[in-house]
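These notes concern the structure reproduced below.
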2 protein chains.
Amino acid sequence: MEKSKKVTIQDVANYANVSVGTIDRVIHNRGKVSPEKKQKIEEAIKKLNFNPNLIARTLALGSRFLVCALIPSAPHSGHYWSIPKDGLEKAENMYRDFGMVVDIFPFHLFDENSFNSQAQKILEQNPDGVIIAPLFVQESLEFVKKLEEKNIPCVFIDSDIPGQKSLTYIGPDVKQSAYIAAKLLNSVVGKENELLILHMVKGYENAAALKRMEAGFIEFFNEKKGDPTRIHKLTINSTNKDVVFRELTKFYIRNQNIKGVFVTNSKAFLVSDFHLTHELDIRVAGYDLVQENINHLKKGGIDYLISQSPQKQGLKAVQSLFELFVYKKEPGKIQNVPLDIIIRENVDFYINFN
Amino acid sequence: MEKSKKVTIQDVANYANVSVGTIDRVIHNRGKVSPEKKQKIEEAIKKLNFNPNLIARTLALGSRFLVCALIPSAPHSGHYWSIPKDGLEKAENMYRDFGMVVDIFPFHLFDENSFNSQAQKILEQNPDGVIIAPLFVQESLEFVKKLEEKNIPCVFIDSDIPGQKSLTYIGPDVKQSAYIAAKLLNSVVGKENELLILHMVKGYENAAALKRMEAGFIEFFNEKKGDPTRIHKLTINSTNKDVVFRELTKFYIRNQNIKGVFVTNSKAFLVSDFHLTHELDIRVAGYDLVQENINHLKKGGIDYLISQSPQKQGLKAVQSLFELFVYKKEPGKIQNVPLDIIIRENVDFYINFN
DNA sequence: AGAATAATTGTGTGCCCACACACTTATGAG
DNA sequence: CTCATAAGTGTGTGGGCACACAATTATTCT
């Protein structure tokens with residue numbers, strides 16, 4: 001009841017007429033306590049509402065937790081992957097005094113080899129927990145298997161590999177995000193429409209995720225009543241501006257009625273750039289609050305961005321591991337982050353807050 | 001450099017060839033240190049990158065921070081004000097071991113007297129900090145003045161009183177939120193439109209805020225090119241269902257071309273209910289993820305909800321005070337929270353995450 | 001110079017908890 | 001009825017820091 005008074009282990013000891021050592025044994029059920037006293041102590045703990053002071057506990061234990069994160073490197077600030085990284089670092093700061101150390105092992109976005117070699121390095125560290133962005137399915141599964149052998153818990157962020165044995169997945173529901181993109185795009189284009197789903201990929205990464213996106217996007221229009229919408233698909237095997245421009249030119253020449261584009265990665269700004277350059281009035285929806293996207297959102301070349309709370313992903317990943325270490329609390333298998341709908345009018349609040 | 005090794009005050013003492021006591025004096029500049037040693041110590045601190053362990057510090061200080069919150073009571077769970085309250089409690093849990101105690105003093109939403117009497121009670125507590133939802137302008141200003149005299153920092157949440165002397169305001173940019181509502185509503189209604197701004201108020205509360213909302217809403221349509229939109233206003237002095245239904249009936253009989261309604265409080269579900277009951281195809285945009293709104297959003301009677309991160313408001317308010325107490329860090333004067341755009345398709349992620 | 005005083009600096013205790021260890025009883029074997 | 005062992009319980013230390021107080025050194029005044 002008395003909120004302001006903190007009950008200590010000593011208080012419990014006094015109440016139960018035993019020494020703190022015995023209390024401690026009960027708390028951590030390390031045995032060697034007579035049943036009567038044990039019961040009395042448990043009663044005392046309940047009655048006094050005793051909660052061990054996490055602060056003092058940490059200090060006493062002097063525990064260190066090493067968490068290694070295997071995520072893509074951010075080639076420049078403002079790059080998408082700098083945001084989850086921020087989240088990781090923020091969490092590290094929050095929990096540093098509790099002994100948390102987060103070590104980031106960046107790999108090159110489209111390079112399985114660098115993924116593998118960094119994974120190897122992590123294994124050598126013998127971490128207490130691992131955070132991984134499993135962009136390469138095959139390689140990730142192998143890595144996870146090795147972690148499992150060593151009994152190291154593992155958190156997936158950004159994208160999921162269904163059926164894995166990870167501690168938890170923290171990231172978007174990609175199919176639903178595409179469904180939302182469809183709805184948003186639909187609201188800004190006219191009646192009889194042709195829309196484009198545009199993938200830009202460099203390697204073999206997340207092919208399954210792209211399929212789920214297409215499914216989500218198309219599902220919306222299947223459910224929609226009213227005029228049918230024709231949906232095109234285009235895959236460009238590059239994120240290089242020149243290549244993208246060339247391919248878009250080719251495509252638009254053959255498909256002159258496109259009214260909106262859904263860009264399935266964080267490169268919507270390239271498409272917007274193309275439209276602005278060629279004075280095309282085509283609406284764009286894409287992903288992620290990277291700087292170039294923000295610029296084009298404000299310019300009007302992008303109408304909607306869906307943000308998958310990238311900072312929260314990093315933050316929550318560390319938090320989940322921390323809670324596992326300290327409280328033995330297992331998180332839910334899937335933690336879908338909010339899909340923020342970003343328009344020109346609310347973007348600043350997302351950038352500035354926190 | 002060496003991330004894993006924590007430097008303690010003892011390390012610094014060794015490095016500078018003094019005792020920990022002297023280091024301590026420098027850290028808290030409590031004087032009584034010779035200039036030479038002081039300099040040497042400061043250099044050592046920098047070189048070793050020493051940061052006092054917050055854990056140990058808290059333990060040693062045994063400090064208690066009492067924060068009192070003056071916010072409206074939540075008549076039932078699922079009520080809007082239960083969410084900021086959740087944020088407050090969450091923050092209290094986070095910082096409890098650091099000595100933070102958050103005491104909530106609820107007042108009745110439309111009752112200045114209860115506001116005043118609770119304010120009085122808070123003053124008697126002599127808290128270290130205060131969080132206040134300044135729904136009653138005059139009363140709030142008086143309260144803030146008294147706090148100022150006692151040198152108690154004060155955080156505003158939910159709504160602002162411009163020109164105040166509070167530590168910080170944490171809440172939405174209301175005008176912008178209405179602008180966004182306008183844009184969203186506009187995207188779901190047809191071409192030539194008549195829209196309604198609907199206020200439901202019981203007392204004198206936040207009249208200025210309502211004005212700012214109207215301004216924001218209208219601003220969008222002034223800037224919009226294309227067909228003009230006629231905007232009606234209606235104020236109902238109640239949130240009672242029967243009264244609201246009666247007034248809406250009166251209004252709709254005289255204004256048969258309304259295509260969308262912007263509800264300026266969290267009672268959009270009442271309007272949706274009315275529409276569903278009377279089979280009216282009128283779009284609705286409103287505020288806040290309260291349970292009834294969520295239900296109607298899913299039923300389709302509400303199209304958009306703008307959520308002003310109410311939990312974050314409570315959380316951040318406590319955080320801001322904590323950082324002031326512990327790190328002497330002053331927050332920015334205005335911390336506008338994200339304005340989340342909620343639709344049926346992403347609402348669940350906002351409810352389930354965290 | 002010697003004493004008194006001021007200016008520095010070091011030491012020790014407590015904050016609360018975990019854990020190793022020491023200590024005290026109870027139990028069973030010989 | 002011992003002695004050895006097990007079971008149960010208490011004590012002490014350490015962890016990093018803040019702070020009161022003790023101890024030391026420098027300074028000033030007679």
Residue pairs meeting ring pair (Phe, Tyr, Trp, His ring centres under 6.0 Å), one or both in residues 14-39 of chain B, sequence neighbours left out, come to none
Just the table, please: protein N/O against nucleotides 21-28 of chain D N/O, every pair under 3.5 Å.
none

Under 3.5 Å, which donor-acceptor pairs link side chains of residues 120-132 of chain A to any protein atom two or more places apart or in another chain?
from, atom 1, to, atom 2, distance (Å)
A:Lys121, NZ, A:Gln118, OE1, 3.3
A:Asn126, OD1, A:Lys150, NZ, 2.8
A:Asp128, OD2, A:Leu66, N, 2.6

- Query: Between A:Val101 and A:Val67, is any pair of side-chain heavy atoms under 4.5 Å apart?
  - Reply: no
What residues 10-21 of chain B contributes to the DNA chain C interface at heavy-atom separation below 4.0 Å is B:Val18, B:Ser19, B:Gly21
Donor-acceptor contacts, no H, no angles, side chain residues 37-44 of chain B, under 3.5 Å, sequence neighbours left out:
none

Can you tell me if the side-chain N/O atoms of A:Ser34 get under 4.0 Å from OP1 or OP2 in D:dA7?
no
- Message: When you measure from the side-chain N and O atoms of A:Lys37 to the phosphate of D:dT9, is any distance below 4.0 Å, counting only OP1 and OP2?
- Response: yes
A:Glu330 and A:Ser320: CA distance, side-chain angles, deciding distance, side-chain hydrogen bond (donor to acceptor under 3.5 Å, both in side chains) verdict | CA-CA 8 Å; A:Glu330 296 232 357; A:Ser320 293; over 6 Å; no
Flag if over 12 foreign heavy atoms under 6.0 Å of NZ, B:Lys145
no
What N/O pairs connect the protein and nucleotides 13-16 of chain D at under 3.5 Å? Give each pair on its own line.
from, atom 1, to, atom 2, distance (Å)
D:dG16, N2, B:Ala56, O, 3.1

To the nearest angstrom, the NZ-C1' distance between A:Lys32 and D:dA6 comes to 9 Å
Applied to residues 11-32 of chain B, the salt bridge (charged side-chain N to carboxylate O under 4.0 Å, His left out) test, sequence neighbours excluded, yields B:Asp24-B:Arg30
Please set out all donor-acceptor pairs under 3.5 angstrom arising from side-chain atoms of residues 78-86 of chain B, sequence neighbours excluded.
from, atom 1, to, atom 2, distance (Å)
B:His79, ND1, B:Trp81, N, 3.0
B:Tyr80, OH, B:Asp158, OD1, 3.4
B:Ser82, OG, B:His79, O, 2.6

Computed from five pairs at either end and rounded to 10 degrees, the angle between the axes of the helix from C:dA1-D:dT30 to C:dG30-D:dC1 is 60°
For B:Lys316, the side-chain hydrogen bond (donor to acceptor under 3.5 Å, both in side chains) test, sequence neighbours excluded, returns A:Asn354
Hits for ring-ring contact (aromatic ring centres under 6.0 Å, His included) against B:Phe349, two or more places apart or cross-chain, chain-then-number order -> none
Nt span of DNA chain C in reach of chain B heavy atoms at under 4.0 Å, 5' end first, is C:dT8 to C:dC16
